[in-house]
Enquirer: 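I am attaching a structure below and will ask some questions about it afterwards.
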Amino acid sequence: MIKVNLLDSVTDRARSVAVVEAKVANPRARSMMLMAAVFSLMALGMIFEYMSANSAHAAAQAELERQQQIAKQMEAVNKEQAELEKKIQAIQVRIEAIKKLRASQKGPVAVLSEINQRMPTIADFRLESIEQKNGELIIEGHSPNESAVTEFGRKLEFSDGLFTNVNLETQRKDLEVNVADYKDLGGEIDLTVKPQTVRFKIKCKYGPTTDKPAPLPGAPAPPAAPNQIAQK
């Protein structure tokens with residue numbers, strides 16, 4: 001049978017309560033307890049602040065990494081766009097060069113075609129040079145028939161504005177004849193009459209005009225331009 005001494009228990013409790021009351025009643029003890037409570041609260045606040053700051057720092061670091069990744073992607077996109085613009089510009093430059101080349105190739109061909117259509121059909125009519133410089137077209141050649149040269153100049157002048165400011169200069173020159181060539185061929189030549197040729201130079205401007213207004217129906221035709229051909 002267990003026996004419990006209730007008197008000793010009550011006495012011990014009373015002593016404990018007295019000790020606690022004595023400590024609480026002591027100002028120094030109260031100060032120590034208050035400081036301990038304050039330090040505990042400060043420690044808890046510091047821990048909470050550290051954890052909050054650490055969480056905010058981690059979130060900021062993650063956002064920074066995301067922004068850096070977006071910046072790298074934008075940089076790659078901008079680089080590809082710059083390269084694409086350079087390629088487009090290079091292609092545009094090539095297209096312009098091809099257009100200019102085609103225009104430069106088409107121009108002389110068109111001029112030669114128009115001149116060829118107006119050349120006389122006689123056999124000895126020859127063109128020596130065709131030069132286009134500073135908007136002016138210079139045609140040089142020779143023909144034994146002066147009327148053929150005049151006809152050629154008139155056809156250039158009356159070309160519906162394709163050839164304008166036509167100026168024709170002619171000069172007769174004696175042909176050099178090698179008598180030995182005629183003897184070898186068994187032919188005869190009269191040295192008293194020297195064969196001649198007519199050398200000519202035509203200066204004009206070439207270019208179709210598109211700014212002329214269309215004539216009204218039933219309106220009389222405009223008068224023809226005066227003859228601008230001057231012969232020397």
Enquirer: Is there side-chain contact between Glu85 and Gln89, with at least one heavy-atom pair below 4.5 Å?
Expert: no

Enquirer: Report yes or no: do Ile122 and Val149 belong to one cluster of Ile/Leu/Val/Met/Phe/Trp/Tyr joined by side chain heavy-atom distances under 4.5 Å?
Expert: yes

Enquirer: Atom CG of Asn167 and atom CD1 of Ile202: how far apart are they, to the nearest 0.5 Å?
Expert: 9.5 Å

Enquirer: Ring-plane angle category for Phe200 and Phe125, please: parallel below 30°, perpendicular beyond 60°, tilted otherwise.
Expert: parallel

Enquirer: Checking Glu114 against Arg118 for the salt bridge (Lys or Arg N to Asp or Glu O under 4.0 Å) test, could you report, in this order, the C-alpha distance in whole Å, the side-chain angles of both residues, the deciding distance, and whether it holds?
Expert: CA-CA 7 Å; Glu114 296 293 340; Arg118 291 165 175 80; 2.8 Å; yes

Enquirer: Identify the residue among Leu156, Thr164, Val166, Ile115 that makes a side chain to side chain contact (heavy atoms under 4.5 Å, CB included) with Leu137.
Expert: Ile115

Enquirer: Hey, can you pull the donor-acceptor pairs under 3.5 Å for the side chains in residues 63-77, sequence neighbours left out?
Expert:
{"residue": "Glu63", "atom": "OE1", "partner": "Arg66", "partner atom": "NE", "Å": "3.4"}
{"residue": "Glu63", "atom": "OE1", "partner": "Arg66", "partner atom": "NH2", "Å": "3.3"}
{"residue": "Glu63", "atom": "OE2", "partner": "Arg66", "partner atom": "NH2", "Å": "2.7"}
{"residue": "Glu63", "atom": "OE2", "partner": "Gln67", "partner atom": "NE2", "Å": "3.0"}

Enquirer: What pairs of residues pass the side-chain hydrogen bond (donor to acceptor under 3.5 Å, both in side chains) test when at least one of them lies in residues 39-62, not counting sequence neighbours?
Expert: none

Enquirer: Hey, what do you get for CZ (Arg154) to OG (Ser147), rounding to the nearest 0.5 Å?
Expert: 11.0 Å

Enquirer: State the OG1-CD distance between Thr197 and Glu146, to the nearest 0.5 angstrom.
Expert: 10.5 Å

Enquirer: Between atom OH of Tyr206 and atom CG of Asn165, what is the distance when rounded to the nearest 0.5 Å?
Expert: 15.5 Å

Enquirer: CD of Glu131 to CD1 of Ile139: how many Å apart, nearest 0.5 Å?
Expert: 11.5 Å

Enquirer: Would you compute the distance between atom CD of Gln171 and atom CZ of Arg199 and round it to the nearest 0.5 angstrom?
Expert: 8.5 Å

Enquirer: Determine whether Leu112 and Phe163 fall in the same hydrophobic cluster, where Ile, Leu, Val, Met, Phe, Trp and Tyr are linked whenever their side-chain heavy atoms lie under 4.5 Å apart.
Expert: yes

Enquirer: So that I can tick it off, tell me whether Glu151 and Lys155 are bridged by a salt bridge, with the cut-off set at under 4.0 angstrom between side-chain N and carboxylate O.
Expert: yes

Enquirer: Can a side-chain donor-acceptor contact be found between Asn145 and Ser143 if the only test is distance below 3.5 angstrom?
Expert: no

